[in-house]
Chemist: 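Take this structure, written in structure tokens, and hold onto it; I'll ask about it next.
To find a chain, count down the sequence lines: A is the first, B the second, and so on, and within it residues start at 1. Keep in mind that what you see is a predicted model, and the values were worked out from it rather than measured.
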Number of protein chains: 2
Amino acid sequence: MRKNGEKTQDARGAQRRGAGRPRGRVLSRQLILETGLRLIDERGEAGAGMRAIAQELGVRPSSLYNHVSGRDELIAGIRELISDRIDTSAFDAEPWHQALHDWAHAYRAAFAAHPPTITMFAVAPLEPGSRTALMYDRVCEALHGAGWPRERVLTIVVALESFILGSALDSSAADDMLDPGSRIDTPAFTAAYHERARLLAGTGERPADAAFQAGLAAMIAGLRAEFAALPRG
Amino acid sequence: MRKNGEKTQDARGAQRRGAGRPRGRVLSRQLILETGLRLIDERGEAGAGMRAIAQELGVRPSSLYNHVSGRDELIAGIRELISDRIDTSAFDAEPWHQALHDWAHAYRAAFAAHPPTITMFAVAPLEPGSRTALMYDRVCEALHGAGWPRERVLTIVVALESFILGSALDSSAADDMLDPGSRIDTPAFTAAYHERARLLAGTGERPADAAFQAGLAAMIAGLRAEFAALPRG
DNA sequence: ACCACAAACGAACTCTGTTCGTTAATCGTG
DNA sequence: CACGATTAACGAACAGAGTTCGTTTGTGGT
């Protein structure tokens, strides 16, 4: 338990504030979102509840509701905070398959930088009208510009995104989640598990990263083959 | 609110039971899991809490804890209930790439039959020692038997599984989740969205299904190309 | 100068999963 | 057959979550 006196960095005005509007601006939507993301990073999802965020800001929980409609909207806001950082500049210069590759890596890396958020966002998807559509627009434009038919680009983007999100989820789990231990009823699986470990021990690569790389390479190779077979227009 | 008198089908012994061990077996782990899954299907995740399951069984919430350690274990149990139904028989007769295709479809279909569970399982992954390892064993054995090197099969399985889970998550969302509406700042995206809708309107296929099919085909095509280039041993 | 509004407090409310003590029926053992 | 241990139910509580509402006070527009 934490007593009322000991506040953390953000609670600068040390003496307790009484009821009524404060003199200076204490809260803002942006500040709440950033504090939420920081607490998620530092303490995980469970440590970033409304009460925890409020306490970190030296404020009562109910005050947050003057800036954010509720927890769902708060999480959606944090999501945009992260997805805004996904770099899409590769679509300017590189060929579509290379740009898709770079974009997928940037996409996954943005969320992998904040592991607890992945499971949070997987559950509650984006709300309409968000800035995420701008990213989609960029990718759609590039793919169609490269020669993909308009009616197919979104399907490709969604497929790739599904893989990225699934891989991010996988990457947020423990590396030894599949460890067969001393199990003897799954010989092929156990052998495969240890052979993989031996292979990855050389480079120090995480299993989840290896799976992401392999799957992404396979999917893009398949798309390139399909693209090559496309009737030219 | 529901009064104590009106019970649902499972609460057959209508009169209220007092304290003490009951005459016949009232609960069992299996019964609790199945009731939980049924409530999830009927009412969604929020309608399948411990109290709701207990009430459906004509029992007090605390009684459940004599058969299940807590909510997490209950969810894990329901997950196994579903994943046990994934058909892996394709690996017996078909070539590896065809079997992988069938398995992926069966995998996704098993969870898609219970949409609310997908987000629940995405958050809390499997516990060690589960029967899921048996399924992995089957797939690993088939891939290695077909000629894939041992140290690569698990990476392939995990990559494919990530895509399947990501697609299942996507499929559990609303079809019009990406609808750009009357937005004008994302022309390429908006055009792609409507072109896709026009294409799918013909077959009645769901966007999520189309993305799954396309991504799966691309990934398996990529894997086949890689397999063909493998040094023979 | 006044009045509406904004933004804080603080106390409550409704949920949730969970724990614990009590009680009664059954099972194993002398 | 009797008796103690175990099992499995009830019922009342608890802690912690998100949220709501009334109150209070400072700010900004007419």
Chemist: Identify, with sequence neighbours excluded, every residue that meets salt bridge (charged side-chain N to carboxylate O under 4.0 Å, His left out) alongside A:D87.
Modeler: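 For A:D87, no residue satisfies salt bridge (charged side-chain N to carboxylate O under 4.0 Å, His left out) once neighbours in sequence are set aside.
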
Chemist: Considering just the side-chain nitrogens and oxygens of A:R60, establish if one lies under 4.0 Å of OP1 or OP2 belonging to C:dA8.
Modeler: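 Looking at the OP1 and OP2 atoms of C:dA8, neither is under 4.0 Å from any side-chain N or O of A:R60.
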
Chemist: To the nearest Å, give me how far apart OH (B:Y65) and C1' (C:dT22) are.
Modeler: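 The answer, rounded to whole Å, is 19 Å.
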
Chemist: Ignoring hydrogens and angles, does a donor from either the side chain of A:N66 or the base of C:dA8 sit under 3.5 Å from an acceptor on the other?
Modeler: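 Pair found.
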
Chemist: Taking salt bridge (Lys or Arg N to Asp or Glu O under 4.0 Å) as the cut-off, I'd like each qualifying pair that reaches into residues 185-199 of chain A, sequence neighbours left out, listed once.
Modeler: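 Only A:R183-A:D185, A:E195-A:R198 qualify under salt bridge (Lys or Arg N to Asp or Glu O under 4.0 Å).
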
Chemist: Once the angle between the rings of A:W103 and A:Y107 is folded into 0 to 90°, is it parallel (under 30°), tilted (30 to 60°) or perpendicular (over 60°)?
Modeler: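 Perpendicular: the ring planes of A:W103 and A:Y107 meet at over 60°.
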
Chemist: Would you please name every residue forming a salt bridge (charged side-chain N to carboxylate O under 4.0 Å, His left out) with A:R108, sequence neighbours left out?
Modeler: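 For A:R108, the residues satisfying salt bridge (charged side-chain N to carboxylate O under 4.0 Å, His left out) (neighbours in sequence not counted) are A:D209.
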
Chemist: Working to the nearest 0.5 Å, report the span between CE of B:M177 and OG of B:S172.
Modeler: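 Between B:M177 CE and B:S172 OG, I get 9.0 Å after rounding to 0.5 Å.
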
Chemist: Send over the distance from A:L27 CG to D:dG26 P, rounded to a whole Å.
Modeler: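 Atom CG in A:L27 sits about 17 Å away from atom P in D:dG26.
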
Chemist: Can you check the B:I75 CD1 to C:dT16 C1' distance for me, whole Å?
Modeler: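 The answer, rounded to whole Å, is 13 Å.
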
Chemist: Starting at CZ of B:R23 and ending at C1' of C:dC27, how long is that distance when rounded to a whole Å?
Modeler: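 After rounding, the reported distance stands at 16 Å.
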
Chemist: Whole angstrom is fine here: how far is it from CG in A:L31 over to P in C:dA7?
Modeler: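 The distance from CG of A:L31 to P of C:dA7 comes to 14 Å, rounded to the nearest Å.
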
Chemist: OP1 or OP2 of C:dA8 versus the side-chain N and O atoms of A:H67: is any pair under 4.0 Å?
Modeler: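 Answer is yes, contact under 4.0 Å.
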
Chemist: Quickly work out the A:E45 CD to D:dA17 P distance and round it to whole Å.
Modeler: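 Distance, rounded to whole Å: 12 Å.
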
Chemist: Check nucleotides 21-24 of chain D against the protein and report each pair of N or O atoms closer than 3.5 Å, with its distance, or say if there are none.
Modeler:
from, atom 1, to, atom 2, distance (Å)
D:dT24, O2, A:G20, N, 3.3

Chemist: Who pairs with A:D84 by salt bridge (charged side-chain N to carboxylate O under 4.0 Å, His left out), at least two apart in sequence or on another chain?
Modeler: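 Once residues adjacent in sequence are excluded, the partners of A:D84 under the salt bridge (charged side-chain N to carboxylate O under 4.0 Å, His left out) criterion are A:R131.
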
Chemist: For D:dA9, take OP1 and OP2 only and decide whether either is under 4.0 Å from a side-chain N or O of B:R17.
Modeler: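 False: B:R17 side-chain N/O out of range (4.0 Å or more) of D:dA9 OP1/OP2.
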
Chemist: Indicate, yes or no, whether a donor-acceptor pair under 3.5 Å links the base of D:dG16 to the side chain of A:R51.
Modeler: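 Checked by distance alone, the answer is no.
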
Chemist: Let me know the distance between CG of A:L64 and C1' of D:dG18, rounded to the nearest Å.
Modeler: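 Atom CG in A:L64 sits about 11 Å away from atom C1' in D:dG18.
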
Chemist: Counting side-chain heavy atoms from CB outward, which of D:dG28, C:dA8, C:dT18 is closest to A:R25?
Modeler: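 Of D:dG28, C:dA8, C:dT18, D:dG28 is nearest to the side chain of A:R25.
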
Chemist: Given atom CZ of B:R29 and atom P of D:dA8, what is their separation to the nearest angstrom?
Modeler: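 Value for this atom pair: 14 Å.
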
Chemist: By nearest nucleotide on DNA chain C, pick out whichever of B:G49 and B:G24 is the more 5' one.
Modeler: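 Nearer the 5' end of the strand: B:G49.
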
Chemist: Report the residues that fulfil salt bridge (charged side-chain N to carboxylate O under 4.0 Å, His left out) with A:R85, sequence neighbours left out, ordered by chain and then residue number.
Modeler: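 Listed in chain order: nothing, the list is empty.
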
